[in-house]
Amino acid sequence: MKIIAMRQFNKISNIRHYGLLSLFFAMFVVLTGCENVIDLDTKTGPEQLVVDGWITNEAGPQTIKLSWSASYFNNGPAKPVLGATVMVTDDKGKIYQFEDVAGNGQYVWGKTNADTLGHVGRTYNLKIVNEAATYTASSELKRVPQVDSIVYRKEKLPFEPDKGPKEGYVAQFYARDFVGEGDTYWIKPLINGKPKVEKAVTISIAYDAAFGSGAPSDGLIFILPIRESITTDSLYSAGASVGVELHSITNETFEYLKQIREQAANGGLFAVPISNIKSNVVNADPKGPRALGLFGASAVSRKETIIDPEKARPDED
């Protein structure tokens, strides 16, 4: 009986052995057979109005860009929205009419550098009429602190970077948040006199003087990571013109930019499906097509400097 039982056990073991081999072989075939390119027939949704509207307290023309959304895999330029009526009204009743003079979907107010639209403390209401649809949005132009200084230190990287010099300078700005919780800001690097935000993942925003509302940072100097956010993906060289633009933004705009940055960094094994970020531009008809993008207002302060090796701070290391 023991011999018979042993033989039956061996048969079962062999069956399990060959079964596992078959399973592994099947998995191998499946995994190695996934080399064919599959073209997905994705559905293209209806076109939506995309608003890129920012007004500031700086003198000079102000621009609101209107375009149509495109399918995810469309890499072509955005199609402009032509023939729309665009106006901004402040809380004192003054109306600013924006015109698409060039016929490229860029609606402009102001003709000279002496014209000023934005004023701190006022609320601005956008109205867009395009064919049968009417869209509205609102934003307050909030206060912004002055930038005190731009400083820089020399640094040598322990590796050869993909971009920029191996040995150069890390720049940072100094500014102090206003006393009173809830001020929010967008920090933009200034390179050769122009604000430069090349990648969504490098968007730098601040809640009071830190990253979010949970930190006790009201009324303080901006924390170091935010101060150094004007040095993005490469070191600066001697003689470079660097600086910062500090934009005041509403809490709503802060959350909007935060979501853009998070979606841009969304990837890897635990990535989640991307989705449209909620816009503050609303269709007057609740059943009508929704809009994308944002209408915002900012007060701006800036400061620039030329990197001089003789004035660099010593390396902190």
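All values below were derived from every heavy atom in this structure, side-chain atoms included, with hydrogens, water molecules and symmetry-related copies excluded.
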Carboxylate-amine/guanidinium contact [X] [Y], below 4.0 Å:
X	Y	result
Glu47	Lys79	yes
Glu228	Arg153	yes
Arg122	Glu140	no
Lys196	Glu198	yes
Arg302	Glu58	yes

So for atom NZ, which belongs to Lys94, do other residues, nucleotides or ligands contribute more than 12 heavy atoms lying within a distance under 6.0 Å? no

If you draw a 6.0 Å radius around NZ in Lys188, do more than 12 non-hydrogen atoms from other residues or ligands fall strictly inside? yes

List, by chain and then residue number, the residues other than [X] in its hydrophobic cluster (Ile/Leu/Val/Met/Phe/Trp/Tyr, side-chain heavy atoms under 4.5 Å); write none if there are no others.
X	value
Tyr256	Trp54, Trp186, Val197, Ile203, Ile205, Tyr207, Ile249, Phe254, Leu257, Ile260, Ile277, Leu294
Val201	none
Tyr107	Leu49, Val51, Ile55, Ile64, Leu66, Trp68, Val81, Val86, Val88, Tyr96, Phe98, Trp109, Leu117, Val120, Tyr124, Leu126, Ile128, Tyr135, Leu141, Val281, Phe295

Restricting to non-hydrogen atoms, name the atom on [X] and the atom on [Y] that form the minimum distance, rounded to 0.1 Å.
X	Y	answer
Asn130	Ala84	OD1-CB, 3.9 Å
Leu82	Gly103	CD2-O, 3.5 Å
Pro80	Asn104	CB-O, 3.3 Å
Pro286	Ala284	CD-O, 3.4 Å
Pro165	Leu235	CD-O, 3.4 Å
Gly219	Arg176	O-NH1, 3.2 Å

For a 4.5 angstrom cut-off between non-hydrogen side-chain atoms, does Ile187 reach Val244? yes

Using side-chain heavy atoms (C-beta onward) and a distance below 4.5 Å, is Asp90 in contact with Thr123? no

Test Glu167 against Lys154 for side-chain contact (heavy atoms from CB on, under 4.5 Å), laying out the working first. CA-CA 8 Å; Glu167 187 171 348; Lys154 192 172 184 179; 2.9 Å; yes

Expected list for residues 142-150: side-chain donor-acceptor pairs under 3.5 angstrom, two or more places apart:
{"residue": "Arg143", "atom": "NE", "partner": "Asp183", "partner atom": "OD1", "Å": "3.2"}
{"residue": "Arg143", "atom": "NH2", "partner": "Val179", "partner atom": "O", "Å": "3.1"}
{"residue": "Arg143", "atom": "NH2", "partner": "Asp183", "partner atom": "OD2", "Å": "3.0"}

Once you round to the nearest 0.5 Å, how far does [atom1] of [X] lie from [atom2] of [Y]?
X	Y	atom1	atom2	value
Ile191	Ser241	CD1	OG	9.0 Å
Ser217	Glu181	OG	CD	8.5 Å
Gln172	Tyr152	CD	OH	12.5 Å
Asn57	Gln62	CG	CD	8.5 Å
Thr184	Lys258	OG1	NZ	12.0 Å
Phe173	Ile221	CZ	CD1	10.5 Å

Could I get the full list of ring pair (Phe, Tyr, Trp, His ring centres under 6.0 Å) partners for Tyr236, not counting sequence neighbours? none

Per the salt bridge (charged side-chain N to carboxylate O under 4.0 Å, His left out) rule, what does the pair list look like for residues 98-118, sequence neighbours excluded? none

Applying a strict under-4.5 Å side-chain criterion to I, L, V, M, F, W and Y, I'd like to know whether [X] and [Y] cluster together.
X	Y	value
Leu246	Ile223	yes
Phe159	Tyr169	no
Phe222	Phe211	yes

N/O donor-acceptor pair under 3.5 Å between [X] side chain and [Y] backbone:
X	Y	value
Asn251	Gly182	yes
Thr250	Ser139	no
Ser69	Gln48	yes
Thr63	Val108	no
Asp208	Ala210	no
Ser298	Ser248	yes
Asp218	Gly180	yes
Asn283	Pro289	yes

Please evaluate residues Val242 and Leu190 with respect to the criterion side-chain contact (heavy atoms from CB on, under 4.5 Å), reporting the C-alpha separation (whole Å), side-chain torsions for both, the decisive distance (0.1 Å), and the verdict. CA-CA 5 Å; Val242 301; Leu190 272 178; over 6 Å; no

Asn125 and Ser138: CA distance, side-chain angles, deciding distance, side chain to side chain donor-acceptor pair (under 3.5 Å) verdict: CA-CA 4 Å; Asn125 302 295; Ser138 180; 3.0 Å; yes

Before you tell me yes or no, could you show the steps for Lys278 and Glu255 under salt bridge (Lys or Arg N to Asp or Glu O under 4.0 Å), namely the whole-Å CA-CA distance, both residues' side-chain angles and the distance that decides it to 0.1 Å? CA-CA 10 Å; Lys278 184 179 179 181; Glu255 292 298 328; over 6 Å; no

